Amino acid sequence: MNGLNPFAKNVTSSPAETYIRRIIRQWADNVVIPMRRQYDEDWEDHRFIEPAFKILLVDLGFQKALIPAEFGGWSMGLSDSLATSSAWMFEEVTRADSGMGVAFGVCYWPFVMIGVKPHVNRRLCAEFAPMFINTDKPTFGAVAMTEPQGGSDIENLDLLGGRTIKTTATLDGDKWVINGHKLWPTNTGGVADLLGVVCTTKPGSDDEKDLAFIYVPADTPGVTQGRPYEKAGMAADKNSDIWFEDVRVPSWYRAHGPGLDALYFREVLTLGMMSAAFSIGPMMNVYEILYDFCSKKTLNGRPLKEHDAIAAELSEIVTGIEVSRAATYRLAAILDRPDLYGPRWSPEVLAKARLTKMFVADRCLNDCERAMEILGTYGADRQWDIEKHWRDIKMGQLYEGGKQLAQMDTARYFFDCKTL
Ligand SMILES: Cc1cc2nc3c(=O)[nH]c(=O)nc-3n(C[C@H](O)[C@H](O)[C@H](O)COP(=O)(O)OP(=O)(O)OC[C@H]3O[C@@H](n4cnc5c(N)ncnc54)[C@H](O)[C@@H]3O)c2cc1C
């Protein structure tokens with residue numbers, strides 16, 4: 001072993017990866033894991049959660065990751081390994097706490113539109129980078145897509161072209177005026193500092209040119225973030241309603257303009273599917289817990305792992321982790337090599353991203369349930385943290401359009417379906 005666990009060893013791991021993994025792992029083992037059992041009760045106040053974010057995002061600097069170096073960041077969005085690096089960072093953070101991983105990943109998700117090659121918007125990077133760089137407080141981005149009438153429809157661009165979006169953006173001189181109501185964005189509930197808002201410039205239109213992705217600093221007059229939802233898990237990720245009432249922002253806060261906003265919004269979705277790694281990190285930790293439990297607990301005088309029936313189940317679980325990781329890193333390779341696999345916004349890449357995230361979340365949930373069964377009643381005992389990972393992985397299975405949209409985008413590409 002390399003001091004991590006067997007699943008953190010990648011054939012291709014670089015010295016930089018090993019080094020940064022270790023940094024995140026030290027933070028996870030010393031700061032998060034000893035406290036994480038208290039996170040469920042901390043869902044509203046973030047008394048324990050916020051100091052942990054401060055260390056990760058500010059002291060260790062991870063909130064700068066996607067911002068180009070010329071604006072003070074780490075230029076991850078300009079590298080050829082954006083998705084792969086995201087995968088192993090997400091694994092490490094979510095091994096400790098997947099809500100924290102989701103909030104961390106979304107912290108700079110809005111920068112995908114403007115900080116990733118080949119479509120860097122330097123003016124907007126210069127405008128928003130200082131919020132993340134010149135600060136000693138954790139700073140959070142959020143991407144506001146989902147609306148009360150249905151989140152999947154908004155992500156279902158190939159069929160609906162944005163027709164159901166109700167949040168409107170109207171040009172008034174040199175300002176966009178935004179009105180609407182969003183639900184669920186990660187890092188809301190009072191947390192968000194910068195919002196990327198999916199709007200329509202022509203309600204009811206299915207012309208993708210009318211989809212606009214507009215940046216809104218969260219302290220702009222007319223923006224109201226609601227109280228965080230009390231969820232089954234993932235307390236470190238606050239989600240809430242968010243209302244926009246005659247919110248005025250400069251016209252150049254639109255990411256790229258007609259047509260290109262919709263195109264690159266697809267890339268926000270495909271890179272978002274690296275959330276497959278949000279299920280793998282918890283399973284890496286489930287493995288550690290299982291190893292410990294099955295080595296120490298004896299049955300009929302022998303460690304649990306030495307019993308045929310249990311060993312068979314253990315092998316199923318590690319098979320799930322190995323294969324899910326292989327699928328996730330394959331997706332990362334597809335996203336990192338547009339020269340080989342085509343642009344990140346193509347129907348092919350979208351289908352492969354959706355099916356990977358769906359497969360991995362389903363398999364990890366299934367394996368986490370097996371782990372609970374092996375622990376017997378201890379599996380339901382909070383002290384062992386398995387039930388925590390189980391609740392969190394379940395939530396990860398639900399977001400980003402849900403199962404049916406993943407299936408439709410997959411069938412559409414592989415079977416050339418015309419009416420889905
Ligand atoms: C932890 C968490 C974090 C989240 N973070 C964000 C975020 O950062 N930004 C954001 O905007 N949203 C976020 N969401 C919201 C999430 O992405 C949506 O909940 C999701 O896209 C599904 O949308 P919905 O809940 O409106 O369900 P709906 O779209 O209304 O779907 C309801 C049901 O119908 C199914 N369905 C949908 N379309 C079809 C169809 N055409 N045919 C058959 N069945 C269908 C769905 O699978 C589901 O079972 C988050 C949610 C969670 C739980």
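Because the structure is a prediction, the values reported are computed rather than measured. Whatever order the structure lists ligands and atoms in, that order sets their numbers, starting from 1. Residue numbers count from 1 along this sequence.
Taking a distance limit of 4.0 Å, we find that atom 25 (O) of ligand 1 is approached by no protein heavy atom. In this structure, atom 52 (C) of ligand 1 has a protein heavy-atom contact shorter than 4.0 Å. By the definition of a contact as any protein heavy atom under 4.0 Å away, atom 32 (C) of ligand 1 is not in contact. The nearest protein heavy atom to atom 28 (P) of ligand 1 is closer than 4.0 Å.
Within the structure, the closest approach of Lys182 to ligand 1 does not fall below 4.0 Å when heavy atoms are considered. Within the 4.0 Å heavy-atom cutoff, Asp237 counts among the residues contacting ligand 1. Using a 4.0 angstrom heavy-atom cutoff, Met408 counts as in contact with ligand 1. At a 4.0 Å cut-off, not a single heavy atom of Val106 sits close enough to ligand 1 to count as contact.
What sits closest to atom 37 (C) of ligand 1 on the protein, heavy atoms only, is Ser152 OG, 3.3 Å. For atom 13 (C) of ligand 1, the nearest protein heavy atom (residue, atom name, distance) is Trp184 O, 3.5 Å. Among protein heavy atoms, atom 2 (C) of ligand 1 sits closest to Tyr399 CD2, 3.4 Å. The protein atom (non-hydrogen) at minimum distance from atom 30 (O) of ligand 1 is Gly150 CA, 3.6 Å. Distance from atom 45 (C) of ligand 1 to its nearest protein heavy atom, with residue and atom name: Gln404 CB, 3.6 Å. In terms of protein heavy-atom proximity, atom 9 (N) of ligand 1 is closest to Val143 O, 2.8 Å. Ranking protein heavy atoms by distance to atom 12 (N) of ligand 1, first place goes to Thr146 OG1, 2.7 Å.
If you look at Glu400 next to ligand 1, the close heavy atoms, those under 4.0 Å, all belong to the backbone.
Any N or O atom pair closer than 3.5 Å counts here, and Met145 shares at least one such pair with ligand 1.
The number of heavy atoms from other shown groups lying within 6.0 Å of CD (Glu50) does not exceed 12. Under a cut-off of 6.0 angstrom, the local environment of CD in Glu245 is sparse, with at most 12 non-hydrogen atoms contributed by other residues, nucleotides or ligands. The environment of Arg47 atom CZ is sparse: at most 12 non-hydrogen atoms of other residues, nucleotides or ligands sit within 6.0 angstrom.
Checking Phe140, Phe104, Phe48 one by one against Phe53, the ring pair (Phe, Tyr, Trp, His ring centres under 6.0 Å) holds for a single residue, Phe140.
In this structure, Asp153 does not pair ionically with Arg163, as no charged nitrogen and carboxylate oxygen lie closer than 4.0 Å. Classification of Arg248 and Asp172 as a salt-bridged pair holds, one side-chain N sitting under 4.0 Å from a carboxylate O. Salt-bridge annotation for Arg354 and Glu155: present, with a side-chain N of the basic residue lying under 4.0 Å from a carboxylate O of the acidic one. Salt bridge annotation for Asp80-Arg337: absent, with no cationic side-chain nitrogen under 4.0 angstrom from a carboxylate oxygen.
In the vicinity of Glu155, heavy-atom distances shorter than 4.0 Å reach the ligand 1 atoms 21 (O).
Within the set Thr186, Val268, Thr164, the minimum heavy-atom distance to atom 3 (C) of ligand 1 is found for Thr186. Among Gly401, Ser275, Gly151, the residue whose heavy atom sits closest to atom 21 (O) of ligand 1 is Gly401.
Taking the six-membered ring for Trp and the full ring otherwise, the centers of Phe132 and Phe111 sit less than 6.0 Å from each other.
For the residue pair His389/Asn285, the side-chain donor-acceptor check at 3.5 Å is satisfied. Remark: the Asn187 side chain and the Lys238 side chain contain no N/O donor-acceptor pair separated by less than 3.5 Å.
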Practice task
Show the numbers, then the answer: is there a salt bridge (Lys or Arg N to Asp or Glu O under 4.0 Å) between Lys388 and Asp97?
Solution key: CA-CA 9 Å; Lys388 168 202 164 47; Asp97 184 81; 2.5 Å; yes
